[in-house]
Amino acid sequence: MISAPKSSAGGPQASPSNTLFPPRPTGLKGRAAELATLVRAIDPSRPQRLALVGQGGCGKSVLACALGHRVRGAFGGRAHWFRVGAWDARTLAEMLALRFGTLRDRAALYRGLRRYLSAAGPMFVVLDNHEDDRAMAQFLDELRAVPVTWVITARRCLLSGVSIFPVTAPLATTGKSAFPRVAALTKLLRSNPLALDIADALVHSGAATTGGLADWLIDRGVERVRVVEHEDDLPEVSLLVEWAWRRLDGDAKKLLSVLAHVSGDHVGIDSLFALARVGRAGPRAIAQVCRWHLVQEPLQHRFALHAVVRYAIRKNKKTQPEPRRIFEHYVGLLERDPACLELEQSHLFAAMDFAHATSDLDAALRIDRLLRRFDESPPRRAHPSPT
């Protein structure tokens, strides 16, 4: 097994352009014990399946990212990150096939992946934001014999053959606060690190005071008990999003609306500004939502919303971009520049999902032509094909 390094900054730093794995997260507060436990559990010579399970906003993805950076050296740098969501098993397999340049033909899909992964050497793969247990079970069972350590992040995971690691709010059992500036809000926000991070940013920016936020949250019922509508329906986060939304300008709201309704993963800044139609106001608007920690920047100049923030915006805000505009934008982008596939892969699968959901034959044929181009002239692979 891998010994836990003494320093909290172990592992090579990913460059901002590394699209295979997000850069090492900063501000990993209160997670030293959990990270050390996970590091000790990872053994590259013994493939395993591990699920980090906990409520939305508790820090599963950040912990998985930090873990990857701590152990990737033991895997020869072979660390990969996929946002999986509720994709079906075939789509999951096709995502890997596109990344590794293996066959996507239905009959050869898993066979090609097994051959590649078996020859590539031990590999560390994060499957982030898992939602469909049936699809994940089929996918992992098909690849159960390959030398891969799979790490799943999920709100729940009803899978056999997977070791469950529960993730709770950092320092929640110690009575300490990972966010001293807003420590007085810890119990009110139920120690949720996402909520505390946003509150901390609001106070740090001078937009609010701790006492003022507390009064506002209590007045709007943060302490009440109610049935939530979804696993991402967290009142302590949605109320903070509502507080911020009322104070954002129109362009900042447009950016958040786009990010809330794009089905793919992180969105490049040029695409974000184009889809939101914010023009020259874009830099000022993105600076505002970044300052309040309403968005995440997993790769340089690429932005995303946490699923809980996304849900809060989609639930309460009426403005949204037209889905076909999103489809046209990303399919057109890939048609013009196939080399950007590695960055835009999840948007390609979102476009495929749009074509299927709308029964749009022209859209489906357009994507089929695009996939054929990738087959005929594959984009750069993450690693050379094993011989």
Pair [X] + [Y]: basic N to acidic O under 4.0 Å:
{"X": "K315", "Y": "E242", "answer": "no"}
{"X": "R372", "Y": "D368", "answer": "yes"}
{"X": "E34", "Y": "R31", "answer": "yes"}
{"X": "R302", "Y": "E344", "answer": "yes"}
{"X": "R366", "Y": "E335", "answer": "yes"}

What distance do [X] atom [atom1] and [Y] atom [atom2] have between them, rounded to the nearest 0.5 Å?
{"X": "S346", "Y": "L98", "atom1": "OG", "atom2": "CG", "answer": "11.5 Å"}
{"X": "K253", "Y": "I313", "atom1": "NZ", "atom2": "CD1", "answer": "11.0 Å"}
{"X": "F124", "Y": "R72", "atom1": "CZ", "atom2": "CZ", "answer": "10.0 Å"}
{"X": "D232", "Y": "S238", "atom1": "CG", "atom2": "OG", "answer": "11.0 Å"}
{"X": "L334", "Y": "H329", "atom1": "CG", "atom2": "NE2", "answer": "9.5 Å"}
{"X": "T37", "Y": "I42", "atom1": "OG1", "atom2": "CD1", "answer": "11.5 Å"}

Around atom [atom1] of [X], are there more than 12 heavy atoms from other residues, nucleotides or ligands closer than 6.0 Å?
{"X": "R134", "atom1": "CZ", "result": "no"}
{"X": "R277", "atom1": "CZ", "result": "no"}
{"X": "H356", "atom1": "NE2", "result": "no"}
{"X": "H204", "atom1": "NE2", "result": "no"}

Shortest non-hydrogen contact between [X] and [Y], atoms and distance:
{"X": "A252", "Y": "Q288", "answer": "CB-OE1, 3.5 Å"}
{"X": "L38", "Y": "L50", "answer": "CD2-CD2, 3.5 Å"}
{"X": "R46", "Y": "A41", "answer": "NH2-O, 4.0 Å"}
{"X": "G57", "Y": "P193", "answer": "O-CG, 3.0 Å"}
{"X": "P235", "Y": "V228", "answer": "CD-CG1, 4.3 Å"}
{"X": "D128", "Y": "S61", "answer": "OD1-OG, 2.6 Å"}

Check the angle between the aromatic planes of [X] and [Y] and answer parallel, tilted or perpendicular using the 30° and 60° thresholds.
{"X": "F349", "Y": "W87", "answer": "tilted"}
{"X": "H230", "Y": "Y311", "answer": "parallel"}
{"X": "F100", "Y": "Y116", "answer": "parallel"}

Can you check whether [Y]'s main-chain N or O pairs, donor with acceptor, with [X]'s side chain at less than 3.5 Å?
{"X": "R78", "Y": "F75", "result": "yes"}
{"X": "Q345", "Y": "M95", "result": "yes"}
{"X": "R310", "Y": "L305", "result": "no"}
{"X": "N192", "Y": "G56", "result": "yes"}
{"X": "K254", "Y": "D249", "result": "no"}
{"X": "R83", "Y": "N129", "result": "no"}
{"X": "R114", "Y": "A145", "result": "no"}
{"X": "H293", "Y": "A201", "result": "no"}
{"X": "R144", "Y": "D141", "result": "yes"}
{"X": "S118", "Y": "R115", "result": "no"}

Could you check whether any side-chain heavy atom of [X] comes within less than 4.5 Å of a side-chain heavy atom of [Y], counting everything from C-beta outward?
{"X": "L299", "Y": "L343", "value": "yes"}
{"X": "Q296", "Y": "V309", "value": "no"}
{"X": "W150", "Y": "P47", "value": "no"}
{"X": "L67", "Y": "L63", "value": "no"}
{"X": "L255", "Y": "D251", "value": "no"}
{"X": "Y330", "Y": "V267", "value": "yes"}
{"X": "L248", "Y": "L294", "value": "yes"}
{"X": "L185", "Y": "F179", "value": "no"}

Going hydrophobic residue to hydrophobic residue with side-chain gaps under 4.5 angstrom, can you get from [X] over to [Y]?
{"X": "L103", "Y": "L348", "value": "no"}
{"X": "L109", "Y": "L140", "value": "no"}
{"X": "L213", "Y": "I218", "value": "yes"}

Could you point out which residue of R190, R220, R224 forms a salt bridge (charged side-chain N to carboxylate O under 4.0 Å, His left out) with E236? R190
Could you give me the CA-CA distance, side-chain angles and deciding distance for L96 and L92, then say whether side-chain contact (heavy atoms from CB on, under 4.5 Å) is met? CA-CA 7 Å; L96 268 71; L92 296 179; 5.7 Å; no
